[in-house]
Peer 1: 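Let me begin by handing over the structure; questions about it come next.
Owing to the predicted nature of the structure, the values given are computational and were not obtained by experimental measurement. Nothing fancy with the numbering, it's 1 onward along the sequence.
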Amino acid sequence: SIFVVRNPYSWLQTMRTVGKKNVAMSTCVDGDDWLYKRCTYETPLGPNAGIFNVTYTSLPEVWNQWTDGYLNTAEFGINKRFVATYENFVGSPESVLEGIAQFLGMEPPPKGWTVPFDFFERVSATKTMRSNTFMIKVTNKEKYQACHRLDPESQKALKYSSWRCAVFAN
């Protein structure tokens, strides 16, 4: 199995933005308490998956549970897995493709892995991710709430910088 995981803070901000437009998730992101209220995700695996109305303790718990599942696939009988981060896909797609190919036992093409892209768009996206400017839209109070709800072990396993929660206490 191949999984892609996104920085939890970036993922939360995206869910906040996209979720307001997504009926299946709108109750999870409405209101000032969006980071700590119970969240019922109507179709967590898509409308055709047959799984409906899953309730989580909070929106950060969605990221925690999904990521825990990706990192612990052996518990579900999946002994071989490849986990890539969204940030690596954007910043270094060739190396991610090489990793996937190795995982699948594929030989690289004669000219190596190449990805067509808009150079300026990728540079801009990479700069945003590295500078954490996606966090500008989140208040310190929200960062503090998220920090205390996101699993530090999963963040560490994926080499995401763990925020020092005390920094956002004020």
Side-chain angles (χ1 to χ4, degrees), residues 1-19 21-22 24-25 28-29 39 41-52 54 56 58-138 143 146-147 149-164:
S1 295
I2 299 171
F3 303 98
V4 178
V5 180
R6 190 167 184 183
N7 176 297
Y9 297 92
S10 177
W11 182 86
L12 286 168
Q13 181 59 49
T14 299
M15 292 300 101
R16 173 85 164 164
T17 304
V18 174
K21 301 172 191 169
N22 180 342
M25 194 168 193
C28 296
V29 298
C39 169
Y41 197 167
E42 292 180 18
T43 55
L45 301 176
N48 300 321
I51 298 173
F52 304 101
V54 177
Y56 299 90
S58 65
L59 189 59
E61 185 62 20
V62 175
W63 187 89
N64 290 343
Q65 284 192 23
W66 288 359
T67 303
D68 182 67
Y70 305 151
L71 295 175
N72 297 293
T73 57
E75 293 176 18
F76 306 103
I78 302 169
N79 295 318
K80 192 174 174 188
R81 64 156 166 76
F82 181 87
V83 179
T85 66
Y86 171 81
E87 294 76 20
N88 284 344
F89 251 121
V90 173
S92 184
E94 294 85 358
S95 66
V96 174
L97 288 175
E98 184 175 321
I100 291 171
Q102 288 176 0
F103 171 75
L104 297 173
M106 296 171 58
E107 292 293 323
K111 294 183 181 181
W113 299 103
T114 58
V115 179
F117 66 92
D118 179 326
F119 177 78
F120 295 106
E121 192 173 305
R122 187 157 121 197
V123 167
S124 174
T126 302
K127 183 179 176 182
T128 297
M129 286 184 289
R130 289 194 176 132
S131 66
N132 293 325
T133 55
F134 57 83
M135 292 296 290
I136 290 173
K137 298 177 184 177
V138 182
K143 291 173 192 172
C147 189
R149 286 173 176 77
L150 290 164
D151 178 36
E153 293 304 314
S154 292
Q155 292 180 70
K156 184 178 177 182
L158 294 163
K159 299 183 174 108
Y160 286 124
S161 298
S162 185
W163 294 86
R164 291 178 302 148

Peer 1: Any heavy-atom pair between the side chains of L150 and W63 that's under 4.5 Å?
Peer 2: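 The answer is yes, as the side chains (C-beta and beyond) meet within the 4.5 Å cut-off.
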
Peer 1: Taking side-chain contact (heavy atoms from CB on, under 4.5 Å) as the test, write out the residues that go with Q102, two or more places apart.
Peer 2: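 Testing Q102 for side-chain contact (heavy atoms from CB on, under 4.5 Å), a comparison that skips the adjacent residues, returns E98.
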
Peer 1: Any idea which heavy atoms bring Y9 and A146 closest together, and the distance?
Peer 2: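 Distance-wise, the nearest heavy atoms are CE2-CB, 4.0 Å.
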
Peer 1: Name all residues meeting the side-chain hydrogen bond (donor to acceptor under 3.5 Å, both in side chains) criterion together with R149; count only those two or more places apart in sequence or in a different chain, and write none if there are none.
Peer 2: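 Once residues adjacent in sequence are excluded, R149 has no partner under the side-chain hydrogen bond (donor to acceptor under 3.5 Å, both in side chains) criterion.
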
Peer 1: Backbone N or O of P8 within a donor-acceptor pair of the Q155 side chain at under 3.5 Å?
Peer 2: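 Answer holds: no.
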
Peer 1: Treating T14 as the side-chain partner and S10 as the backbone partner, does any N or O pair qualify as donor plus acceptor under 3.5 Å?
Peer 2: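 At least one qualifying donor-acceptor pair exists.
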
Peer 1: Any chance you could measure L59, atom CG, to E61, atom CD, to the nearest 0.5 Å?
Peer 2: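 Answer for the CG-CD pair, L59 versus E61, is 10.5 Å.
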
Peer 1: Which residues pass the side-chain hydrogen bond (donor to acceptor under 3.5 Å, both in side chains) test with S154, sequence neighbours left out?
Peer 2: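 Listed in chain order: D151.
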
Peer 1: Hey, are the side chains of F82 and L104 touching, using non-hydrogen atoms and a 4.5 Å cut-off?
Peer 2: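 They are not in side-chain contact.
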
Peer 1: Show me the donor-acceptor pairs, under 3.5 Å and distance only, between side chains in residues 70-77 and residues at least two apart or in other chains.
Peer 2:
from	atom 1	to	atom 2	distance (Å)
N72	ND2	D68	O	2.9
N72	ND2	D68	OD1	2.7
T73	OG1	I78	O	2.8

Peer 1: So V62 and W11, do their side chains get closer than 4.5 Å, heavy atoms only?
Peer 2: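 The answer is yes; the side chains approach within 4.5 Å.
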
Peer 1: Tell me, please, which residues at least two apart from E153 pass side-chain hydrogen bond (donor to acceptor under 3.5 Å, both in side chains).
Peer 2: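 Here no residue qualifies.
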
Peer 1: Who are the side-chain contact (heavy atoms from CB on, under 4.5 Å) partners of V4, not counting sequence neighbours?
Peer 2: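 Partners of V4 by the side-chain contact (heavy atoms from CB on, under 4.5 Å) criterion, ordered by chain and then number, come out as Y86, F89.
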
